[in-house]
Amino acid sequence: MLKRKTPLKAKTPMARKPIAKRRRKAQSAKQKDCRWRSEQYLAFVRSLPCSVCGATDGIAAHHITGMHQLSGMGLKPADSYSMPACDPIYKHSRDCHQQIHANKALRDQQPAFLRTTLRAGIAQFTGEAHEQLLHALAFLEAQQQ
């Protein structure tokens, strides 16, 4: 057992209160991700030519990255903020999808690529998808001013 070399000044130990820990609430139905998701729209985006090189096969739906706080760590933006980019995962020789992530010049061109995709989608879709695409285009235009 260890012995103290100097005596304690206080005769009684300090009165400490335990730290109140907050419990994290499990994600309820109300707190779930409310971003717009549409597999039908993503399929449409994949049918368009690549925004970077113009290829028509091996296209992935690339969600906009690093702009306008649309996504966070581990979170994708709404599907209305996606554009076509070729990807080797879909059997394409070029990798424009990863080049957008790696190249700042291409990342800076994402709004222009996205505008083209949104306008094509607005002409194609009706109903909720049409409204979401109009909202995305208006948001993008407001950010560019």
Side-chain angles (χ1 to χ4, degrees), residues 1-2 4-6 8 10 13-145:
M1 187 160 116
L2 296 174
R4 293 186 63 87
K5 291 184 180 179
T6 57
L8 292 172
M14 288 180 14
R16 293 186 181 172
K17 295 180 182 177
I19 297 173
K21 293 182 181 179
R22 285 189 255 160
R23 288 186 176 180
R24 287 187 176 180
K25 294 180 182 178
Q27 223 179 15
S28 67
K30 291 179 184 176
Q31 295 175 326
K32 287 199 177 192
D33 187 11
C34 60
R35 292 173 183 85
W36 181 67
R37 301 287 180 220
S38 172
E39 190 55 44
Q40 184 182 10
Y41 179 69
L42 292 179
F44 167 75
V45 170
R46 287 187 215 100
S47 72
L48 298 173
C50 176
S51 297
V52 179
C53 69
T56 56
D57 62 331
I59 304 299
H62 167 73
H63 290 77
I64 193 168
T65 58
M67 302 193 93
H68 314 306
Q69 283 78 36
L70 289 170
S71 62
M73 181 161 287
L75 297 174
K76 279 197 278 188
D79 286 347
S80 54
Y81 296 100
S82 61
M83 62 193 132
C86 56
D87 196 325
I89 293 173
Y90 295 99
K91 312 291 187 249
H92 196 273
S93 58
R94 290 196 58 173
D95 194 2
C96 294
H97 191 174
Q98 287 304 317
Q99 287 178 16
I100 292 171
H101 288 279
N103 187 335
K104 183 176 179 349
L106 286 176
R107 275 195 314 274
D108 291 343
Q109 288 181 328
Q110 287 181 116
F113 298 150
L114 189 57
R115 267 191 220 95
T116 304
T117 306
L118 286 170
R119 289 186 180 121
I122 288 168
Q124 180 76 25
F125 288 89
T126 59
E128 180 190 5
H130 184 80
E131 293 299 319
Q132 291 292 332
L133 298 176
L134 284 174
H135 181 276
L137 185 59
F139 174 80
L140 194 62
E141 296 295 336
Q143 295 299 318
Q144 295 301 313
Q145 293 179 0

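Just so it is clear, the values below take in all heavy atoms, side chains as well, and ignore hydrogens, waters and symmetry mates.
Nearest heavy atoms, Arg46 versus Ala61: CG-N, 3.9 Å. Of all non-hydrogen atoms in Ser82 and Tyr41, the two that sit nearest each other are OG-CE2, 3.7 Å. Pairing each heavy atom of Arg37 with each of Pro77, the nearest pair is NH1-O, 2.7 Å. Contact detail for Leu114 and Ser80: the closest heavy-atom pair is CD1-O, 4.0 Å. Between Asp87 and Ala60, the shortest heavy-atom contact is CB-CB, 3.8 Å. Across all their heavy atoms, Ala85 and His62 have their closest contact at CB-CB, 3.9 Å.
The OG atom of Ser38 lies 8.0 Å from the CD atom of Glu128; values are rounded to the nearest 0.5 Å. With rounding to the nearest 0.5 Å, the separation of CD in Glu131 from CD1 in Ile122 is 9.5 Å. Atom-to-atom distance recorded for Ile100:CD1 and Gln98:CD is 9.5 Å, nearest 0.5 angstrom. Here Arg115 contributes atom CZ and Met83 contributes atom CE; the two are 11.0 Å apart, rounded to the nearest 0.5 Å. From Leu133, atom CG reaches atom CG of Leu140 across 12.0 Å, with rounding to the nearest 0.5 Å.
Between the side chain of His130 and the backbone N or O of Phe125, at least one donor-acceptor pair lies under 3.5 Å. Side chain of Gln110 to main chain of Arg107: a donor-acceptor pair is present (N/O by atom type, distance under 3.5 Å, no hydrogens or angles). With Ser51 contributing its side chain and Pro84 its backbone, the two residues share a donor-acceptor pair below 3.5 Å.
Contact of the His101 side chain with the Asp95 side chain is not registered, since no non-hydrogen atoms from C-beta on lie closer than 4.5 Å.
Within 6.0 Å of NE2 in His135 there are 12 or fewer heavy atoms belonging to other residues, nucleotides or ligands.
When the options Asp57, Thr56, Ile59 are evaluated for a side-chain contact (heavy atoms from CB on, under 4.5 Å) with Cys50, the one that passes is Ile59.
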